[in-house]
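Some notes on the structure that comes next.
Counting starts at 1 for both ligands and their atoms, in listed order.
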Amino acid sequence: MKISGKTKIVGIFGYPVTHSLSPLFQNAAFKASGIDFVYFPFLVKPGDLEMAVKSIKSLNMAGVNVTIPHKKKVLAYLDKVSPEAKMVEAVNTICYRDDKLIGYNTDGKGFISSLTGEGGFDPQRKRALVLGAGGAAWAISFALIEAGVRRLSITNRTKRKAEVLLNHLTKFFRDKCEIMLVDFDKVNSSTVMNNIDLLINATSVGMHPEDPLLVNPELLTPHTFVYDVIYNRKTKLLKAAEEKGLPCLGGLGMLIYQGAYSFEIWTHKKAPLKKMRDALKEQRKCFVT
Ligand code: NDP
């Protein structure tokens with residue numbers, strides 16, 4: 001990588017940030033595309049977020065990705081926010097252009113591209129169950145409704161958070177889709193599992209090897225597609241789905257696609273998806289397929 005006076009800076013604001021895979025695949029993408037950008041991880045403490053966002057302007061950066069715990073709070077510091085990010089109330093990409101900081105959310109689009117592109121699953125008229133009500137679940141729920149699911153069920157350990165998501169979705173999509181809440185302790189029933197086509201783990205459960213299985217795999221029916229947003233390992237849920245011969249996918253594709261959409265926002269160039277995936281494959285043979 002050659003840094004010159006023309007090199008543009010992008011990066012990721014997070015706390016923590018050391019685990020992020022984005023610097024690896026974004027720098028590989030810039031190199032492969034011959035784009036004079038460099039991508040850095042920035043450890044931004046919660047109290048420093050406003051100052052960090054202002055520094056995008058003062059340092060004339062091209063933009064940044066935003067991750068935990070800043071995705072919601074960052075909205076307050078931007079000049080403009082895209083319709084998706086407004087709906088999801090979270091931003092994962094900031095672009096600095098014409099003296100304006102513009103916020104986007106590419107997580108939902110990244111999920112749908114992975115599900116349809118890599119997974120070959122068409123969500124139109126399907127019934128989906130989302131486990132979780134955090135940032136990932138919000139982005140995925142909105143994207144699934146926009147992609148045409150017939151029914152969206154939400155469940156979360158903390159019921160109140162699932163209710164907030166449900167109310168928010170209903171406000172936007174009352175007539176577009178049936179949206180319902182499932183009690184977290186009633187998920188493992190054949191009534192629920194027999195009536196879904198797509199199960200998404202959008203919780204952080206599965207990141208650690210000792211994490212439990214939230215769903216009893218015995219109850220999954222042969223037609224159910226299982227998507228797990230976790231990308232750092234093959235989770236127990238994915239292993240169980242594979243053993244049952246169900247169509248399934250881990251979250252790495254979503255990670256790459258959401259990053260690819262950020263790349264395209266900053267550069268106006270098509271992202272080299274294969275190079276991005278290969279960069280991860282080289283470093284982390286264990287889980288990239
Ligand atoms: P949040 O912290 O916003 O939400 C975490 C969610 O997990 C909440 O719904 C929480 O439930 C649930 N949860 C945590 N622990 C448990 C448990 N022991 N049992 C049941 N539910 C639990 O995180 P995000 O939504 O931002 O991220 C969730 C996961 O998705 C992370 O692992 C993240 O790395 C991954 N992710 C992957 C992406 C990709 O591109 N593949 C993109 C974005 C995120 P409760 O409300 O009860 O606490």
Original post:
salt bridge (Lys or Arg N to Asp or Glu O under 4.0 Å) with Lys31: which residues, sequence neighbours excluded?
Top reply: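 Not a single residue meets the salt bridge (Lys or Arg N to Asp or Glu O under 4.0 Å) criterion with Lys31.
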Original post:
Is it true that Glu50 and Lys54 make a salt bridge, defined as a side-chain N closer than 4.0 Å to a carboxylate O?
Top reply: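 Lys54 and Glu50: salt-bridged.
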Original post:
Do Glu264 and Lys270 meet the salt-bridge criterion of a basic N to acidic O distance under 4.0 Å?
Top reply: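 So Lys270 pairs with Glu264 through a salt bridge.
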Original post:
Side-chain donor-acceptor pair under 3.5 Å between Ser114 and Glu118, yes or no?
Top reply: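 On atom types as modelled, these side chains qualify, holding a pair under 3.5 Å.
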Subject >> Cation over ring face, Lys8 and Trp266, 6.0 Å, 45° >> reply: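 Verdict for Trp266: no cation-pi partner in Lys8.
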Original post:
For Lys109, does the NZ atom sit with more than 12 other heavy atoms under 6.0 Å from it, leaving out its own atoms?
Top reply: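 Check fails, neighbour count at 12 or below.
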So what's ligand 1 close to, N/O to N/O, under 3.5 Å?
residue  : atom   : partner : partner atom : Å
ligand 1 : 3 (O)  : Gly135  : N            : 3.0
ligand 1 : 7 (O)  : Ser204  : N            : 3.2
ligand 1 : 9 (O)  : Ala133  : N            : 3.0
ligand 1 : 9 (O)  : Asn156  : OD1          : 2.7
ligand 1 : 11 (O) : Asn156  : OD1          : 3.2
ligand 1 : 18 (N) : Arg157  : NH1          : 3.3
ligand 1 : 25 (O) : Gly135  : N            : 3.0
ligand 1 : 25 (O) : Ala136  : N            : 2.8
ligand 1 : 40 (O) : Leu255  : N            : 3.1
ligand 1 : 41 (N) : Val229  : O            : 3.0
ligand 1 : 41 (N) : Gly251  : O            : 2.9
ligand 1 : 46 (O) : Asn156  : ND2          : 2.8
ligand 1 : 46 (O) : Lys161  : NZ           : 3.0
ligand 1 : 47 (O) : Arg157  : NE           : 3.0
ligand 1 : 47 (O) : Thr158  : N            : 3.0
ligand 1 : 47 (O) : Thr158  : OG1          : 2.5
ligand 1 : 48 (O) : Arg157  : NH2          : 2.9

